[in-house]
Amino acid sequence: MARLAQTAGLTDIQQEILATVRNFVDKEIIPVATELEHRDEYPTEIVEGLKELGLFGLMIPEEYGGLGESLLTYALCVEEIARGWMSVSGIINTHFIVAYMLKQHGTQEQKDTFLPRMALGEVRGAFSMSEPALGSDVSAITSKGVKDGDEYVLNGQKMWLTNGGSSTLVAVLCRSDEGLPEGTAPHKQMTTFLVEKEPGFGEVRPGLTIPGKIDKMGYKGVDTTELIMDGLRIPANRVLGGTTGRGFYQMMDGVEVGRVNVAARGCGVAQRAFELGVSYAQQRHTFGKPIAQHQAIQFKLAEMATKVEAAHAMMVNAARKKDSGERNDLEAGMAKYLASEYCKEVVEDAFRIHGGYGFSKEYEIERLYREAPMLLIGEGTAEIQKMIIGRRLLEEYRLQG
């Protein structure tokens, strides 16, 4: 039987990379994912395996020791990893966003310092925009960086840091309005600071505290944390790109490719949910025959497979648009919105197919049922995506005269 979510037009190298990742997922992730997830245990051995495969440097240019692959290749790898365990794809995603921001916006010194070690997985990235009092309203950020000689002093509290404890390099968005005239738009007062730290919890460097892991409904294993800055001193050469006031644009560029990544994660989780549903439907018997032979179940399977295919196609389109160098906020927003919503629906249908057993922790679908909701809010809620999509459509279809 042909496997769902195939991608046309891939090179031999891309197909080889995907086959390697898929084999790793089947052998090293799926057999242990549920057990590790139930213990909320960081997947150390899995991460080490991904390092050996070179995935931490997949999109980092070859001149810095990476593989120099495209966003499409990366997204397809993420889709495979999320199919095994979504938390692992989250560990990769935040690292990837920081590496992408450095590649696109960093000074030459910043690229030379961080990218070679990031390609090896020796430096692990995390990025931080959100704060306790705000969600999607980035303009309301209150964390601040103030110039003091050759340094900046950072103060504030950040929230929802994926890899907050395990990372060693965090891209942190703060206000820094020195020298700007009164009335300057909030998004022009923001700067991205590159904060180096030790892994772990507590005070990880003077002025910087990672309090501990946030206990979550799902998306376990990966550490999600707060970040508290209290007089944290950062050298001026750790301003991303070397110039203040560009942080909002740098972060939005990173989030744009992050949305393709979240769409890929939604595709992977939905793919796995379909696999579990179609398999269970052929094993479970009611009224003298497998439930897969009941029309109601066949309708569910048909709808699930169609949603998996549609989400995958939109995700691939968004990745290819970004790889071409074109603006892709419309396509990325559509892909993230559709893939996350369809993921939730496919997982729920697979859960229903499992009946009462879907409620048991012995079955993998129970884990997926708790993981899917994170995709509805990660990298911007559905409502934010609709705002982006709506505004872009009005730009494209604006009436003349």
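Below, all heavy atoms of this structure are taken into account, side chains as well, without hydrogens, waters or symmetry copies.
- Between Asp349 and Lys300 a salt bridge is recorded (basic side-chain N to carboxylate O distance below 4.0 Å).
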Yes or no on salt bridge (Lys or Arg N to Asp or Glu O under 4.0 Å) for Glu196 and Arg238, after CA distance, side-chain angles and deciding distance? CA-CA 9 Å; Glu196 297 171 79; Arg238 289 300 175 257; 3.2 Å; yes
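- There is a side-chain donor-acceptor pair under 3.5 Å between Glu131 and Thr142.
- Using modelled atom types, one side-chain atom of Asn155 and one backbone atom of Gly231 make a donor-acceptor pair closer than 3.5 Å.
- Counting only heavy atoms from C-beta outward, the side chains of Val172 and Lys158 approach each other to under 4.5 Å.
- Under a cut-off of 6.0 angstrom, the local environment of CD1 in Ile13 is sparse, with at most 12 non-hydrogen atoms contributed by other residues, nucleotides or ligands.
- One finds a salt bridge joining Glu348 and Arg352 here, because a Lys/Arg side-chain nitrogen approaches an Asp/Glu carboxylate oxygen to under 4.0 Å.
- Look at Arg265 and Glu79 and you find no salt bridge, because none of the NZ, NE, NH1 or NH2 atoms lies under 4.0 Å from a carboxylate O.
- Remark: Glu345 engages Lys307 in a salt bridge, criterion side-chain N to carboxylate O under 4.0 Å.
- For CD of Glu63, the number of neighbouring non-hydrogen atoms (other residues, nucleotides, ligands) closer than 6.0 Å is greater than 12.
- Under a 4.0 Å N-O distance rule, the pair Asp26/Arg83 qualifies as a salt bridge.
- In terms of modelled atom types and a separation under 3.5 Å, the side chain of Lys336 and the main chain of Gly380 share a donor-acceptor contact.
- Ion pairing of Arg327 with Asp329 is present here, as a side-chain N (NZ or NE/NH1/NH2) and a carboxylate O approach within less than 4.0 Å.
- The aromatic rings of Tyr369 and Phe351 sit parallel to each other, their planes meeting at less than 30°, with 60° as the upper class boundary.
- Looking at Glu366 and Arg370, a side-chain N of the basic residue comes within less than 4.0 Å of a carboxylate O on the acidic one, giving a salt bridge.
- No side-chain heavy atom of His95 sits under 4.5 Å from any side-chain heavy atom of Ile91.
- Using a cutoff of 4.0 Å between basic side-chain nitrogens and carboxylate oxygens, Arg392 and Glu396 are scored as salt-bridged.
- Arg259 places a side-chain N or O within donor-acceptor distance of the main-chain N or O of Glu379, the cut-off being under 3.5 Å.
- Shown here is Asp150, whose CG atom has no more than 12 heavy atoms of other residues, nucleotides or ligands within 6.0 Å.
- For Thr191 and Thr244, the side-chain atoms include no donor-acceptor pair closer than 3.5 Å.
- Counting heavy atoms of neighbouring residues, nucleotides and ligands inside a 6.0 Å radius, atom NZ of Lys144 does not exceed 12 of them.
- Side-chain contact between Ile17 and Leu53: absent, with no pair of heavy atoms (C-beta onward) separated by less than 4.5 Å.
- Taking 4.0 Å as the cut-off between side-chain N and carboxylate O, Asp40 and Lys216 do not count as a salt-bridged pair.
- Side-chain contact between Leu76 and Leu10 is present, with heavy atoms from C-beta onward closer than 4.5 Å.
- Nearest heavy atom pair, residue Ile92 against residue Leu50, reads CD1-CD1, 3.9 Å.
- No more than 12 heavy-atom neighbours from other residues, nucleotides or ligands sit within 6.0 angstrom of NZ on Lys27.
- With a 6.0 Å radius and a threshold of 12 heavy atoms from other residues, nucleotides or ligands, Glu122 has its CD atom above the threshold.
- The main-chain N or O of Leu72 is found under 3.5 Å from a side-chain atom of Asp323 such that the two form a donor-acceptor pair.
- Closest approach of Ile29 to Ile81, counting heavy atoms only: CD1-CG2, 4.4 Å.
- For the pair Phe193/Val239, a side-chain contact is recorded, criterion being any heavy-atom separation below 4.5 Å from C-beta on.
- Of all heavy-atom pairs between Phe274 and Val346, the closest is N-CG1, 4.2 Å.
- By the 4.5 Å heavy-atom criterion applied to side chains, Leu55 and Tyr74 are not counted as neighbours.
- Not a single donor-acceptor pair under 3.5 Å links the side chain of Glu364 to the backbone N or O of Thr34.
- When every heavy atom of Ala75 is checked against every heavy atom of Val260, the shortest pair comes out as CB-CG1, 4.1 Å.
- Remark: Gln15 CD is packed, more than 12 non-hydrogen atoms of other residues, nucleotides or ligands lying under 6.0 Å away.
- In this model, a donor atom of one side chain and an acceptor atom of the other lie less than 3.5 Å apart for Thr7 and His312.
- Partner of Tyr249 under the side chain to side chain donor-acceptor pair (under 3.5 Å) criterion, out of His105, His187, Lys188: His187 alone.
- No side-chain donor-acceptor contact under 3.5 Å links Glu331 to the backbone of Asn317.
- With Lys197 contributing its side chain and Gly164 its backbone, the two residues share a donor-acceptor pair below 3.5 Å.
- For Arg3 and Glu80, the salt-bridge test passes: some basic side-chain N is under 4.0 Å from an acidic carboxylate O.
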Go through the steps to decide whether Arg391 and Glu395 satisfy the test salt bridge (Lys or Arg N to Asp or Glu O under 4.0 Å), and finish with yes or no. CA-CA 6 Å; Arg391 288 170 181 169; Glu395 287 180 21; over 6 Å; no
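- For the residue pair Gln14 / Thr73, a side-chain donor-acceptor distance below 3.5 Å is found, with atom types taken as modelled.
- Under 4.0 Å is where a charged nitrogen must lie from a carboxylate oxygen, and between Glu37 and Arg367 no such pair does.
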After noting the C-alpha distance and the side-chain angles of Thr192 and Gln250, does the key distance pass the side-chain hydrogen bond (donor to acceptor under 3.5 Å, both in side chains) rule? CA-CA 8 Å; Thr192 302; Gln250 294 164 346; 3.2 Å; yes
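- Taking CE of Met59 as the reference point, atom CD1 of Ile97 lies at 11.0 Å (rounded to 0.5 Å).
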Check against salt bridge (Lys or Arg N to Asp or Glu O under 4.0 Å), Arg233 and Glu151: CA-CA 6 Å; Arg233 289 188 169 271; Glu151 297 179 315; 2.9 Å; yes
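- A donor-acceptor pair shorter than 3.5 Å can be found between the side chains of Ser279 and Gln283.
- Minimum heavy-atom separation, Ala171 to Val98: CB-CG2, 4.3 Å.
- Side chains of Ile377 and Ser340 form no contact here, defined as non-hydrogen atoms less than 4.5 Å apart.
- Within a 6.0 Å radius of CD in Glu326, more than 12 heavy atoms belonging to other residues, nucleotides or ligands are found.
- Between Tyr363 and Tyr357, the ring planes are tilted. Angles from 30° to 60° get that label.
- A salt bridge is absent between Lys220 and Glu371: the closest approach of a Lys/Arg side-chain nitrogen to an acidic carboxylate oxygen does not fall below 4.0 angstrom.
- Looking only at distances, a side-chain donor or acceptor of Thr168 sits under 3.5 Å from a matching main-chain atom of Arg124.
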Let's go through Glu109 and Thr113 carefully: what are the C-alpha distance in whole Å and the side-chain angles of both, what is the deciding distance for side-chain hydrogen bond (donor to acceptor under 3.5 Å, both in side chains) to 0.1 Å, and is it a yes or a no? CA-CA 6 Å; Glu109 184 270 336; Thr113 298; 3.0 Å; yes
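- Nearest heavy-atom pair, Ala318 versus Ala335, reported as atom, atom and distance to 0.1 Å: CB-CB, 4.1 Å.
- When Leu102, Val195, Asn163 are each tested for a side-chain contact (heavy atoms from CB on, under 4.5 Å) with Leu169, only one passes: Leu102.
- Formation of a donor-acceptor pair under 3.5 Å by the Glu203 side chain with backbone atoms of Leu208 is not found in this model.
- Side chain of Glu35 to backbone of Val32: no donor-acceptor contact under 3.5 angstrom is found.
- In this structure, the side chains of Phe127 and Thr162 stay at 4.5 Å or more apart for every pair of heavy atoms.
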